[in-house]
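Please read these numbers as outputs of a predicted model, since none were measured by experiment. In what follows, chains are A, B, ... by sequence order, proteins preceding strands, each numbered from 1.
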Amino acid sequence: MSETRGAGGAGERDTAASDIPPYRYTATLAGQIEPRWQDFWEENGTFHAPNPTGPLADASHPRAGAQKFFVMDMFPYPSGAGLHVGHPLGYIGTDSYGRYLRMAGRNVLHAMGFDAFGLPAEQYAVQTGTHPRKTTEANVERYRAQLRRLGLAYDDRRSVATTDVAFYRWTQWIFLRIFNSWYDTEQHRARPIADLISAFEAGARPTPDGRAWGELSPVEQRTVVNDHRLAYISEAPVNWCPGLGTVLANEEVTADGRSERGNFPVFRRSLKQWMMRITAYCDRLIDDLDTLDWPEPVKLMQRNWIGRSTGAHIDFAVGDQRGDFAVGDQRGDFAVGDQRGDSPTSAGPMRVFTTRPDTVFGATYMVMAPEHDLVDALVADAWPEGTKPAWTGGHANPREAVDAYRKFAAGKTEVERTAETRDKTGVFIGAFATNPATGEPIPIFIADYVLAGYGTGAIMAVPGQDERDWEFAEVFDLAIIRTVQPPEGFEGKAYLGEGPAINSASPTAGLSVDGLGVADAKAKTIEWLEANSAGQGAVTYRLRDWLFSRQRYWGEPFPIVFDETGLPIALPETMLPLELPDIDDFSPKTFDPNDADTSPETPLSRAREWVEVELDLGDGPKRYTRETNTMPQWAGSCWYELRYLDPTNDASFVDLENERYWMGPQSPSDSGGVDLYVGGVEHAVLHLLYARFWHKVLYDLGHITSFEPFRRLFNQGYIQAYAYSDERGMYVPAEEVSEVVEGGTTSYYYGEKKVKREYGKMGKSLKNVVTPDDMCAAYGADTFRVYEMSMGPLDVSRPWETRAVVGSYRFLQRVWRLVVDEATGEPRVVDVEIDPETERLLHRTIAGVRADMDGLRFNTSIAKLIELTNRATSVTAGGTPRALAEPLVLMTAPFAPHLAEELWQRMGHEHSLAYEPFPVADPALLVAESVTYPVQVNGKVRGRIEVAAEASEDEVRAAALAEVASALDGRDPRKVIVVVGRMVSVVV
RNA sequence: GCCCGGCUAGUCCAAUUGGAGAGACGCCGCACUUAGGAUGCGGAGGCUGUGGGUUCGAGUCCCUCGCCGGGUACCA
C-alpha cells in the first residue's frame, strides 16, 4: 500500500503519501473494504429474508420463524439525473434500523423497487426518439449501482420495477378484480360482481327502473351492472391538461388550477374516462386512520381531503313569483359515490346541503353556484317588485344580470378569485324560494362563493351563523336573524359556537327547536324534515371518485376490450399480461397548454393492429377493440408492498400465508400492514390514499388479511442545500463559497465577491448538487452513512454541509484505530478487563443506543457511540479490551456496516456480524455507585454533595443542609425538596 | 386568513414524566512536524427568539408577540 491517497477528499489533498500510517482508515481503504463486503453479502445472500412458504422459504435460515419486521421505503422514480445526497437519507435510516433489528433477533424484510412508469421517461422519449423502456431500464440500473455502493442490506431477490411485465401482469390482475367488484353498502365491503348479478337475477335486488331483470335487454343489463363496478367508465367533467396531453386526477391538480407536474393550466372538460369508486370507501378511509400509527398532520390531511360533513339535505320550493311555487318530486338519497353536478335538472325543488339544519329558521336567502342547472329554469323575466337596487348589479332585468355575472365569474382565474380578498359578489335572479320552516319567501342569488363542485352547488344562507353568509348579507342588504343565542358580551358578527336556539319556532310548520342546544336542534330538525318530506339527514364528502385513465403510452395497458355495443369487457386472467405494444411513435399528442378546446388522443390508438383484435372470449372468435388509455403512475405503487412479500409467485400476486406472516394483524384490533414505512410527506394524500383504497378492496375480496397497507408511517425530512448568487443574481458554485464572520454577522464570499445565500432544493441550476458518489469517493460509504444519520433527527429537514462530513470520518478513524494498529495493520485488541468506569459507560451506552435505535433517534445514538469511542481512545493506550471493542463494533455496524464487518473479521470472527446478537446492557452496571446532587437555595445552586446511590432521602437531606449551611446563614429552611437521584432544593 | 411544525454557541443539533445544557463542524492553543495537513491532547464560546404567567425550580407547562418552514384556501 504505497499509495493511500483518497480521491481528493478528507482534507488530504496536499499531504505527502509517506506521512500517513499505512494502515489508517482512509477513503482509499474504505474504497477497498466496501465493495468487498458488498460482494460478500451478495454472494452469501446475507440479507435474504426467509418466507414461511414458497420458493423463498428457508427453514435453515437463522431467522426462520422468528418475529418478523417489514420495513419499507417509498420507492423512487428513477430519474435520469441520478441520486443526490438528499435522496438516500430515508434509505440509510431504514437500513440502519433494519440492520439493528436483525441483530436484535428479528426476521427483517427490506427490499427496494422502482416506480418506473411515468411522464419523464416518456417526455425524454419524445425528445430523443429513445424508447421509454430503454431509458427507464438504464436509469434503474444506474440507481441500483448507486444504492449498492451505499451498502444497503436489501433482499435483492425481492426487487421489483413497476414496468416489469411480470409485475404489471399483477397490476392488471388487480385491476380486473376491482372491475369485477361492486360495493355492498349494507355489508360495507366490496363483493364480486357475480353476487350482484345473482341478486338481480333472483329479484332480491330491484333494478333501477323497477322492471324485472329478465325484461332488461342484455345491453341494459350490462349497463346496470357496469354502473355498480368499482372501476367504471363515466362521462363526467374531468381535469384536462393540454400541456401534458392527458387528463389528471383531482389530487394531481394544485389549488390554483394547474398540473402538479409541469405546472400547466388545467381545464374542466366533460370526457369519457375510467374512474375508481374510491368514494365507496370514504368512511372506512377516514375511520381506519384511527388505527394507524401515522404522523397526525398526514392523518389530518387525509381527513381534510376526504372531507366528511354530516348534516342534511333540505328541499326548498321555488318559483319565479311570490306565491307561485313549483313543488317537485322528492329526490332519492344520494348514493355513496354519486357524482355531483347532478342537482335537480327541471325547476323542481332547490336542494341544498347544510351542516347546520338547526339554523334553518335563520335562512334568509339562497345562493346557487353560477353554473347551477336550476338557474336557467328559475331566472325571472323582470325584477319583482321590491327588488333592492344592490341586488340587480345595475342590470335591466334578471336575465341580463345573470349572463353578465356568469361571464364575470368564468373570466376570473383561480388566482384572481383568491387574490380579491374574498369580497362577496353575486346577483339576484329575480326568483324566490320558500323557507320550509318559516313559510317565508326568500330571494335566490347566484354568487361565486358557492361552488358548483361541492354539496349540491346551492346553499341556504344563514348569515346569523355563517361568516361568509354574513358578509354577503351585509353587502346586499339582506336580513340577518340569529337562531343561536351568542354568549353574553359576544361582539362578533356571525356566531358559530354552541348555544341555545332562538327565533326557531313555527306553530304552522309544527317545528320548534327554541332552547335546544345545537346537537339536539339538529336532530329534531332532521326528524321534522324527514317527517314532512322536506329533506333528510345526509353525509357528504369532498372526495370524488378517482380518475384512473391517462392518455399516455408509458403506463399499464387496461386489460379491457370493447365489443360492438361499445361496452367494456374484461379480458380473462389467462390473457394476462397484456403487454404494451412496441410502437414507433409513442409520443402523446400535446397541445398549446392554454388551448382548452382540445381533446386528448391516446398514443395507443395509433397502433391499429394492436387495437383491433380478434379474440375468443367464450362466444367464439369475435372482433374487439382494445382500450387505448393507460393506467396512471400511481397504479403500481398501490400494491408494490405486497409483491415484495412474494416476488416470484406465478400463481398469485401474493400467497396468503406469506402475506399473513409479514403483514397480517398482530392483535385483534390491529390493521396489519408494513411495520415501518418511511417516505416524504408529499405523498400524504396521493399515493397513500390510493394505496389504502386498493388494499381495502383486496382485503374485502379475501386476498389479504391486513386491512391497511402501512401500519406505521414515518415522514423523513429533506436534505436541502444552500445556494449562493452574486449581485447579478447568477448562481455561483456552492462548494467554492467561503463563510466569513465579522462582528457577529456571517457573510459569504465567492472569491472576492460577496454573495447572497438562499436555502432550497438541490439542483443543477442552483449549482449546489452533491452526489453520494462524490461522498463515497472522498470519504467512503460508511462515513457518508454516519454523517447523514448524525446530522439530526430523521424527520427534520436540514442543510447539507460537506465541510462537516469530516467529523464522521474522524469518528470512524478512531474506531478503526481502537481495533487495528495503524503502523502494522495488526489487531490491537487484548483480552484484559475493562476499567470499571469505562465498563459502566459501555453499559450506559448500550442501554442508550438501544433506546435511541428503537425510537429512530439515530443522531443521538451516534453521539453516544462517539462518547464511548472518545473515552476508549483515551484509556486504551496498551491495547483495547476485547470486551469493549466487540460491543462497540457491533453497535457501530448498523451505521457503518462495511467498517464493522472488516473489524469484526480482523478481531478473529469467521462469520458476518449481520446476525450477531446486538449487545445487551447489564442492569447492574447501569446504576451509578454514587450520585452528585446539586443543592439549590431559593432556586440558585449553592453547593454540591456526593452521596452513595442507595442513600436514603433523609441522608441526602442532611448532607445537603450541611453543605449549604453557610449559605443559609442561620435562617431556618421553610421547605426542603429532595428529588431522589436528581437534586435538592432548599427554600428559606 | 385558518391549521400544523419549529426557534438552544458562528453553524448543524442533544436534553425519559419540569430537577447542574450531549455530540459534531468551525475557532484557539499544545504535542508530533522544516512547514502545512492529518492525528492526538486541551480550551474558549449559550441571561435556550420576545414579553409575561404557574412553580421551591421552566429549554421543557400556559398566554402575547416576532421570525422561519409546511399544509390549506370561500367545502355550506
*Please say whether the positively charged group of A:Arg542, taken as NZ for Lys or CZ for Arg, lies over the ring of A:Trp305, i.e. under 6.0 angstrom from the six-membered ring centre and within 45 degrees of the axis.*
yes
*May I have the distance from A:Asn304 (atom CG) to B:rC2 (atom P), rounded to whole angstrom?*
16 Å
*Can you tell me, in whole Å, how much space there is between the C1' of B:rG49 and that of B:rU39?*
40 Å
*Just how far, in rounded Å, is P of B:rG23 from CG of A:Leu841?*
11 Å
*Starting from P on B:rC2, measure out to CE on A:Met301 and report it in whole angstrom.*
20 Å
*Would you call A:Asp358 and A:Lys522 a salt bridge, taking side-chain N to carboxylate O under 4.0 Å as the test?*
no
*Does A:Asn870 place a side-chain N or O at less than 4.0 Å from the phosphate oxygens OP1/OP2 of B:rG40?*
no
_Taking every non-hydrogen atom, the tightest pair across A:Ala684 and A:Val298_ = CB-CG1, 3.9 Å
*Does the pair A:Tyr787 and A:Trp800 meet the rule for a ring-ring contact (aromatic ring centres under 6.0 Å, His included), with working shown?*
CA-CA 10 Å; A:Tyr787 176 64; A:Trp800 178 262; 5.1 Å; yes
*Does a donor on one side chain sit under 3.5 Å from an acceptor on the other, for A:Arg544 and A:Thr279?*
no
*Of all the choices, B:rC56, B:rG23, B:rC12, which nucleotide is nearest to the side chain of A:Ala863 once you look at every atom?*
B:rG23
*Could you give the distance separating B:rC63 and B:rG23 at their P atoms, to the nearest angstrom?*
34 Å
*Closest to the A:Tyr449 side chain, choosing from B:rC56, B:rC74, B:rA14*: B:rC74
*Mind checking A:Thr354 for me? I need base, sugar-phosphate or nothing, with any heavy atom below 4.0 Å counting as a touch.*
sugar-phosphate
*Does a nitrogen or oxygen in the side chain of A:Arg810 sit under 4.0 Å from OP1 or OP2 of B:rU39?*
yes
_Base, sugar-phosphate or nothing for A:Asp469? Non-hydrogen atoms, less than 4.0 Å._
nothing
_Watson-Crick or G-U counterpart of B:rU64, or none if no pair lies under 3.5 Å_ = none
*Does B:rU17 pair with anything, Watson-Crick or G-U wobble, both distances under 3.5 Å, and if so, with which nucleotide?*
none
*asked:* In whole Å, I'd like the distance from the CZ atom of A:Arg817 to the P atom of B:rU39.
replied: 8 Å
*With sugar-phosphate meaning primed atoms plus P, OP1 and OP2, does A:Ala804 contact a base, only sugar-phosphate, or nothing at under 4.0 Å between heavy atoms?*
sugar-phosphate
*asked:* Go nucleotide by nucleotide along RNA chain B from the 5' end; which of A:Lys975 and A:Glu822 gets its closest nucleotide reached first?
replied: A:Glu822
_Both distances below 3.5 Å, Watson-Crick or wobble geometry, any strand: find the nucleotide opposite B:rA24._
B:rU11
*Distance between the P atoms of B:rU48 and B:rC61, in whole angstroms?*
16 Å
*Where is the tightest heavy-atom contact between A:Pro799 and A:Met791, given as atom of each residue plus distance?*
O-CE, 3.4 Å
*Whom does B:rC41 pair with, Watson-Crick or G-U wobble, provided both distances fall under 3.5 Å?*
B:rG29
_Minimum-distance nucleotide (side-chain atoms of A:Asp448 versus B:rA76, B:rC74, B:rC56)_ = B:rC74
*When the nearest nucleotide of RNA chain B is assigned to A:Thr860 and to A:Trp305 on a heavy-atom basis, which residue is associated with the more 5' position?*
A:Thr860
*ring-ring contact (aromatic ring centres under 6.0 Å, His included) partner of A:Tyr779, chosen from A:Phe811, A:Phe784, A:Tyr809*: A:Tyr809
*asked:* Without decimals, in angstroms, what is the distance between A:Asn715 CG and B:rG71 P?
replied: 12 Å
*For B:rC67 and B:rC27, measure between their C1' atoms and round to the nearest Å.*
28 Å
*Between atom CZ in A:Arg814 and atom P in B:rA24, what is the gap in whole Å?*
7 Å
*Does CD belonging to A:Glu467 count more than 12 external heavy atoms closer than 6.0 Å?*
no
_Gap in Å between the two P atoms, one belonging to B:rC56 and one to B:rG51, rounded_ = 23 Å
*With a non-hydrogen cut-off below 4.0 angstrom, is A:Ile866 in contact with a base, only sugar-phosphate, or nothing?*
sugar-phosphate
*At under 4.0 Å, does any side-chain N or O of A:Ser309 touch on OP1 or OP2 of B:rA76?*
yes
*Would you mind reading off the distance between A:Glu801 atom CD and B:rU11 atom P, rounded to a whole angstrom?*
11 Å
*Using the C1' atom on both, measure B:rG52 against B:rA58 and round to a whole Å.*
13 Å
*Looking at B:rC13, B:rG19, B:rG40, which one has an atom nearest to any side-chain atom of A:Ile977?*
B:rG19
_Watson-Crick or G-U wobble mate for B:rG1, both contacts under 3.5 Å_ = B:rU72
*Rounded off to whole Å, could you give me the CZ-to-C1' distance for the A:Arg468 and B:rG1 pair?*
13 Å
*asked:* Looking only at the side chain of A:Arg803 (C-beta and beyond, no hydrogens), which of the listed nucleotides B:rC12, B:rA76, B:rC25 gets closest?
replied: B:rC25
*P-based separation of B:rG18 from B:rU55 [nearest Å]*: 16 Å
*Could you work out the separation of B:rA9 and B:rC25 based on their C1' atoms and round it to a whole Å?*
12 Å
*Does B:rA38 have OP1 or OP2 sitting under 4.0 Å from an N or O in the side chain of A:Gln813?*
no
*Could you tell me whether the phosphate oxygens of B:rA73, OP1 or OP2, come under 4.0 Å of any side-chain nitrogen or oxygen in A:Arg542?*
yes
